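For clarity, every value in this text was computed on a predicted model and none was experimentally measured.
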Amino acid sequence: MAEDDVNLVGTLEKIVYSNPENGFLIGTFLTENSTRPITVKGIVFNTRERETLRLKGNWENHKVYGRQFSIREFMPVEPTSAEGMVRYLSSEVFKGIGEKTAQHIVNKFGKDTFKIIDSSPELLSKVKGVRKKQQKSLLAAWDEQRGLRDVMTFLRGVGISHAYAQRIFAKNGLNSIPLIKANPYQLTDIPGIGFLTADGIARNLGFDKNSPHRAAAGLLYMLEQQALNGHSCFPRQTLLEKTSQELDIEAEMLESSIRQLLDDSLLHSEKIRNKNADEEELISRPRFYKAEQRVAENIYRILNSEAYTVFEGESSLIDEQERKVGLQLDPAQREAVEAALQHKVLIITGGPGTGKTTIVRFILGLMRPRIPSIGLAAPTGRAAKRITETTGSAASTIHRLLEASNIGFQRDREKPLEQELLILDETSMIDTLLMDSFLEAVPSASRLILVGDVDQLPSVGAGAVLLDLIESGTIPVVRLDHIFRQAADSFITVNAHKVRQGKVPDFSALSQKADAGKELLDFYFIKESNPEKIVEKILLMSTERIPQRFELDPMMDIQVLTPMHRGVTGSIHLNRKLQEKMNPDAKGLEHREQWFRIGDKVMQQQNDYEKQVFNGDLGRIVNCDPKTKELHVKFEQGIVHYQGKELDQLSLAYAITVHKSQGSEYSAVILPLTTHHYMMLQRNLLYTAITRGKQLVVLIGTEAAISKAVENEGTMRRFTGLQHQLSELGLSPLF
């Protein structure tokens, strides 16, 4: 037991606050042999007032409420004192037993009271005032309490932590033991318990590695792992082989299990023809299959519905708008605007400097007098803010547009969006499930414009929606390739397009330009192969060189990007080193081997609809209470409070992965890239990283690693079913 751990036994006198969804309560607790109650708080499921509990936790001093006991574990127990037994039997646990009757029972049996109830309950009929109905109610509640103790003891005995044991009992009650003994893999239905945890429990219970339960759970687990890698479906044969190899399960058992899972509709199978015209069977979880099906159906619905507003004489309308704003569109830009006027759905794709933002501004200016209700949105808050700044029109995240809450999206097919024109930016970031939810809420008569750079990294979530929609050929697409003169003067833009085209940037030209005079460039390459020295250079560039020469704030203007979490140049180690350099002495707290300090830059790691902060949002810690383990973080939308159990939602953000940078732009970007990142060296990763920088991009690494990344195209191609779903609806290619 840790030094600050304390065990208390007593009675929960009063529940001041309780949340039935997560079990959190605040109450007053009277310990044995004490007359003054204390305040306790923590996760305690299925408890009532005046119940006797054993609590494990530690004391804390709250700045408002004073000394409190923070509960980490609890267990219902039988009290040992006469007063405790009377208090327990007259509690809410035992309906119909008042304090007077409870006193009679304890007076009759004394210290053997609970032993009598356990072994000779018929003797209760000899107690004055105990009627048959009371006796029956008392014994039923007694069995339930004994069952709770048995369940908790069993769960801890097979290696389940107390926190998860509480969740399991909350869901399955007294059936927990027989359910787990029959099939411990059912535990994967409990949030936070994955296959590997359930597999360990199964081994403790003596399950064979080739049991049908393990095979079925293993297949579902491996398919979920592929979803984490971006695949919304996966080839059947490859799935079977990977599961057999990685989980050591016999092939015959897996074949039998996958057939059963398909019969039970826990998996879906679809045979499609791939690009080589070979038939391939793809397996998916139903939620992804149905989501892709709905995406295709909704695209079909919107494309084939009448628009609220019909534009005629497109050419003259465009000419008039050009004169109004003093701008001459190039042929590709004009094609995009004409397509926006003619079609219900349009995709505009192109790299940096090709005029995507100019077109969006032009379309807004052209359509707003005729379409008053327009919605602009992007997947992240930073991307939405950038649209607002570049177009002058208010934009929101997709989640806010759909009115996200802790129970889901409020906008759907039953309560659709009200905008007649909807423009989504950074569409390459939108995964299958989010696109499904968005399209479900788009009215049939609305217009939809999807803007994005298809050459960037695909979405973090499963799917490749933008790429699939483009390659299906069923939706009008305008590709912007021309780099405008102002953008062409930028080495960031020029080198990004070289990478996109499969060409290695010309670093000798950069060196010559830098040597020619005192002019500051916007793109630099620093050769270094030693990871430790790369870290030293990153620290120097972040805290001294770039802030001094470019007059940028080292904390908020400069962003270190990296391909990976692990390793010397991974985000975990870089965050530790950058924090030590930039914010070493501020007040903070430790959470899971990570220090959070006032002033730290942090990133939200998941969507929290109640707090209205979303995956990828950046903020600064403005307040910290080490005793209560609470933080306050300032985001663009306001200050958000985090309790100790919510700190997993945050991570330091001095350095973040390239994937996490999608949809954002930073004044300066520093990217380490070496052959140590071998698994992540991909063209779209390098391209995405370069295009995150607005004023400056610094690559630190080796030319061999950069060449490897540029050459590595398409090795991470995702398995999806969206194109097949579009073709199934009879949506023929437009060209």
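Leu631 places a side-chain heavy atom less than 4.5 Å from the side chain of Leu650. Between Val465 and Ile430, every side-chain heavy-atom pair lies at or beyond the 4.5 Å cut-off. In this structure the side chain of Arg479 reaches within 4.5 angstrom of the side chain of Ile470, judged on heavy atoms. Counting only heavy atoms from C-beta outward, the side chains of Leu685 and Pro563 approach each other to under 4.5 Å. A heavy-atom distance below 4.5 Å is not found between the side chains of Cys233 and Glu280. Using a 4.5 Å heavy-atom cutoff, the side chains of Thr432 and Leu722 are not in contact. At a threshold of 4.5 Å between non-hydrogen side-chain atoms, the residues Ile423 and Leu364 count as touching. A heavy-atom distance below 4.5 Å is not found between the side chains of Phe288 and Leu223.
Judged by the 6.0 Å and 45° rule, Lys611 forms a cation-pi pair with Tyr642.
Looking at Tyr221 and Asp199, their side chains never bring a donor and an acceptor atom within 3.5 Å of each other. Residues Gln333 and Thr358 bring no donor and acceptor atom of their side chains to less than 3.5 Å of each other.
Ionic pairing of Glu338 and Arg334 is present here: one or more N-O contacts between side-chain nitrogen and carboxylate oxygen are shorter than 4.0 angstrom. Salt bridge status for Glu440 with Arg413: present, with a side-chain N to carboxylate O gap under 4.0 Å. Ion pair Arg370/Glu312 not flagged as a salt bridge, since none of the NZ, NE, NH1 or NH2 atoms sits closer than 4.0 Å to an Asp/Glu carboxylate oxygen.
Within the model, atoms CG of Leu266 and CG of Leu219 stand 11.5 Å from one another, a figure rounded to the nearest 0.5 Å. Remark: Ile449 CD1 to Ile363 CD1 distance equals 4.0 Å, nearest 0.5 Å. Interatomic distance, Asp436 CG to Lys290 NZ, rounded to the nearest 0.5 Å: 11.5 Å. To the nearest 0.5 angstrom, His724 atom NE2 is 9.0 Å from Leu282 atom CG. From Leu401, atom CG reaches atom CG of Leu376 across 9.5 Å, with rounding to the nearest 0.5 Å. A distance of 11.5 Å separates NE2 in His399 from CG in Asp608, rounded to the nearest 0.5 Å.
The shortest non-hydrogen separation linking Leu179 to Gln186 is O-NE2, 3.2 Å. Contact record, Phe362 with Ile318: CZ-O, 3.7 Å, taken as the closest heavy-atom pair. In this structure, Thr688 and Leu457 approach most closely via the heavy-atom pair OG1-N, 2.8 Å. Scanning all heavy atoms of the two residues, the minimum distance from Ser459 to Gly461 falls at OG-O, 2.8 Å. Minimum heavy-atom separation, Leu402 to Ala441: CD2-CB, 3.7 Å. Taking both residues in full, the closest heavy atoms of Asp455 and Asn684 are given as O-CB, 3.3 Å, listed atom of the first, atom of the second, then distance.
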**OP:** Would you check, one step at a time, whether the test side-chain contact (heavy atoms from CB on, under 4.5 Å) holds for Lys660 with Val460?
**Re:** CA-CA 8 Å; Lys660 282 291 187 181; Val460 174; 5.8 Å; no
**OP:** List the steps and the verdict of side-chain contact (heavy atoms from CB on, under 4.5 Å) for Phe24 and Lys41.
**Re:** CA-CA 7 Å; Phe24 181 78; Lys41 65 175 184 178; 4.2 Å; yes
Subject >> Verdict with reasoning, Met222 to Leu239, per side-chain contact (heavy atoms from CB on, under 4.5 Å) >> reply: CA-CA 7 Å; Met222 291 300 292; Leu239 175 65; 3.9 Å; yes
**OP:** Assess whether salt bridge (charged side-chain N to carboxylate O under 4.0 Å, His left out) is satisfied between Glu471 and Arg718, documenting all intermediate values.
**Re:** CA-CA 13 Å; Glu471 292 194 346; Arg718 296 184 170 189; over 6 Å; no
**OP:** Starting from the C-alpha separation in whole Å, work towards a yes-or-no answer on side-chain contact (heavy atoms from CB on, under 4.5 Å) for Thr380 and Glu426.
**Re:** CA-CA 9 Å; Thr380 67; Glu426 296 288 354; over 6 Å; no
**OP:** In sequence, state the C-alpha distance, the side-chain angles, and the governing distance for Ser661 and Gln559, and then conclude on side chain to side chain donor-acceptor pair (under 3.5 Å).
**Re:** CA-CA 9 Å; Ser661 74; Gln559 184 62 58; over 6 Å; no
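Side chain of Glu420 to backbone of Thr309: a donor-acceptor contact under 3.5 angstrom is found. Within the 3.5 Å criterion, the main-chain N or O of Ala395 finds a donor-acceptor partner in the side chain of Thr388. In this structure, Thr349 contributes its side chain and Val454 its backbone to a donor-acceptor pair below 3.5 Å. One N or O on the side chain of Arg447 and one on the backbone of Ala340 form a donor-acceptor pair closer than 3.5 Å. Panel note: side chain Arg692, backbone Val658; no donor-acceptor pair is recorded below 3.5 Å. Checked by atom type and distance alone, the side chain of Lys344 pairs as donor or acceptor with a backbone atom of Ser305 at under 3.5 Å. At distances below 3.5 Å, not a single donor-acceptor pair connects side-chain atoms of Gln226 with backbone N or O atoms of Phe234.
Few gaps surround NE2 on His591; more than 12 heavy atoms of other groups in view lie less than 6.0 Å from it. Residue Tyr308 qualifies as open at atom OH: its count of foreign heavy atoms under 6.0 Å is 12 or below. The number of heavy-atom neighbours closer than 6.0 Å to NZ of Lys385, taken from other residues, nucleotides and ligands shown, is 12 or below.
Taking the six-membered ring where tryptophan is involved, the planes of Phe719 and His231 are tilted, since the angle between them lies from 30° to 60°.
With Gln419 as reference, Ser373 is the one residue of Ser446, Pro443, Pro372, Ser373 to meet the side chain to side chain contact (heavy atoms under 4.5 Å, CB included) rule.
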